[in-house]
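Some notes on the structure that comes next.
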Amino acid sequence: MPSPTPPATIAAPAPPATQSPEPPIPLSAWVLLLVLAAIWGTSFILMKKGLAVFSPLELGATRVTVAALLLLPFALRHVGKVEKSRFKWLLLSGVVGTLIPAFLFAYAETRLASGLAGVLNALTAVFTLVVGALFFGQRLTGLRVLGIGLGLAGTVVLMVLGGSGGAATPAGEGNAWYGLYIVLATIGYGVSVNVIKHHLQGIPPVAVTGLLLLFIGGPAVVFLLLGTDFLHKLATVPGAWTAFGYIALLATLSTAVAMVLFNKLIHQSTALFASSNTYLIPVVALGWGVLDGESFNLWHVLGMVIILVSVAIIHRAR
């Protein structure tokens with residue numbers, strides 16, 4: 001909120017020439033933030049349901065394939081309108097921000113409760129800052145370093161002391177370390193957020209999403225059809241079509257639609273604000289997990305609180 005205008009007899013200090021106030025976040029960006037949190041918070045339970053029949057490789061490849069096919073018309077419409085010099089950034093964002101995380105999250109949820117996967121996803125904000133500081137000139141203050149440290153500490157508390165959250169897995173057993181797959185995925189998200197913000201500005205969000213899916217969708221569909229048992233399971237395994245329905249819903253909402261909204265959010269705000277949907281995603285994910293009978297303990301709650309506090313510090317620190 002701006003401060004009152006000083007009296008005429010007192011000279012107001014001029015702001016430093018090197019600093020400029022950040023533009024206010026529009027209301028539409030806040031709405032997008034809430035919608036994205038609801039969509040992505042639901043994605044973890046959808047992955048869990050898909051894994052009831054399909055392997056992590058099949059789930060990841062199916063997710064990318066369906067999303068790529070959904071946005072193929074938009075990709076073809078815009079492919080000739082984007083400078084070829086930006087293709088490498090679209091490919092990089094697609095690989096590290098969509099393709100690889102699709103498999104990493106699927107592997108993680110073979111041993112990790114879906115609600116805890118949603119909590120660890122909050123590390124996206126931490127690694128958005130780390131990647132921004134290392135490669136994109138983001139200012140790294142003492143408070144932000146503290147936030148990064150707390151985020152990593154919360155991850156250790158959640159995985160080492162809390163366990164995997166699975167009903168048959170006692171706290172502290174090795175299955176909890178499957179959360180490291182999600183840590184790697186959030187590093188990829190951090191890279192992708194910064195690439196979109198710094199190298200893909202000016203391209204319509206639906207074009208960014210459609211084109212990066214176009215680049216990674218081809219290999220995904222070839223692998224799905226020729227390198228997995230997806231078609232065989234779909235034809236012979238009971239419940240396969242239901243599981244495929246969950247994955248298709250995951251691909252439609254969490255990959256295709258949400259990525260368009262997320263890219264739009266990045267353009268309307270900042271990279272850090274866009275990644276702050278991770279405040280709400282854990283709440284939604286944990287809610288679905290509880291409804292599905294997943295077990296959580298006080299260490300899980302403590303780890304989540306520490307991670308979210310770290311995100312809050314990162315966003316408020318200057």
Side-chain angles (χ1 to χ4, degrees), residues 35-36 38-79 90-91 93-110 114 117-118 121 181-182 185 188-189 192 196 204-264 281 284-285 288:
V35 172
L36 281 168
I39 292 175
W40 274 331
T42 304
S43 67
F44 306 98
I45 194 68
L46 293 176
M47 281 186 269
K48 178 181 178 179
K49 298 299 184 182
L51 287 168
V53 173
F54 297 103
S55 72
L57 289 176
E58 291 163 347
L59 188 150
T62 302
R63 179 179 181 178
V64 173
T65 296
V66 172
L69 291 174
L70 286 171
L71 292 182
L72 182 59
F74 300 98
L76 295 177
R77 183 184 305 170
H78 289 93
V79 68
L90 287 163
L91 178 61
S93 179
V95 171
V96 303
T98 301
L99 183 64
I100 294 176
F103 294 106
L104 291 175
F105 269 94
Y107 271 109
E109 288 204 33
T110 60
S114 66
N121 186 70
Y181 284 120
I182 297 178
Y189 287 158
S192 180
I196 292 170
V206 69
V208 171
T209 308
L211 288 172
L212 67 84
L213 284 169
L214 176 66
F215 292 148
I216 65 175
V221 68
V222 171
F223 173 73
L224 179 66
L225 297 179
L226 301 181
T228 73
D229 292 329
F230 171 77
L231 293 178
H232 176 72
K233 288 182 178 179
L234 204 59
T236 61
V237 176
W241 279 100
T242 300
F244 173 70
Y246 287 121
I247 300 174
L249 184 61
L250 172 70
T252 302
L253 293 178
S254 299
T255 304
V257 174
M259 283 180 61
V260 172
L261 297 179
F262 185 64
N263 291 334
K264 186 176 181 64
I281 287 174
V284 179
W288 282 114

Interatomic spacing from [atom1] in [X] to [atom2] in [Y] - rounded to 0.5 Å:
X	Y	atom1	atom2	result
T110	M47	OG1	CE	12.0 Å
T252	R63	OG1	CZ	11.0 Å
L234	D229	CG	CG	12.0 Å
L90	S192	CG	OG	10.0 Å

- Please name all residues satisfying salt bridge (charged side-chain N to carboxylate O under 4.0 Å, His left out) with E109, sequence neighbours left out, ordered by chain then number.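 In terms of salt bridge (charged side-chain N to carboxylate O under 4.0 Å, His left out), with neighbours along the sequence ignored, E109 is linked to no residue.
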Q.
Applying side chain to side chain donor-acceptor pair (under 3.5 Å), can you list everything that pairs with S254, at least two apart in sequence or on another chain?
A.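 Checked S254 against side chain to side chain donor-acceptor pair (under 3.5 Å); zero matches.
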key: Distance-only donor-acceptor check, side chains W288 and T42, under 3.5 Å   = yes
Requested in this report: Check for a donor-acceptor pair, side chain of T65 on one end and backbone N or O of A61 on the other, with a separation under 3.5 Å.
Outcome: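 Side chain of T65 to backbone of A61: a pair is present.
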- Message: I'd like to know if the side chain of E58 and the backbone of L224 have a donor-acceptor N/O pair within less than 3.5 Å.
- Response: no
Parallel, tilted or perpendicular: which describes the rings of F105 and F44, with under 30° parallel and over 60° perpendicular? tilted
Residue set satisfying ring-ring contact (aromatic ring centres under 6.0 Å, His included) with F74, at least two apart, ordered chain then number -> none
Notebook entry, point to check: Within a radius of less than 6.0 Å around NZ of K264, do more than 12 heavy atoms belonging to other residues, nucleotides or ligands occur?
Noted result: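 Incorrect, the count does not exceed 12.
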Checklist entry - If you count the non-hydrogen atoms of other residues, nucleotides and ligands that lie under 6.0 Å from CZ in F215, is the total more than 12? => result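 Counting other residues, nucleotides and ligands, CZ of F215 exceeds 12 neighbours.
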inquiry  = Taking the side chain as everything from C-beta on, heavy atoms only, tell me whether Y107 gets closer than 4.5 Å to L57.
reply    = yes
Could you tell me if the side chain of L261 sits less than 4.5 Å from the side chain of P205, heavy atoms only?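 A side-chain contact is absent here, since even the closest heavy-atom pair is not under 4.5 Å.
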Assert yes or no for the condition that the ring centre distance of Y181 to F103 is strictly below 6.0 Å.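 Aromatic pair excluded; centres sit 6.0 Å or further apart.
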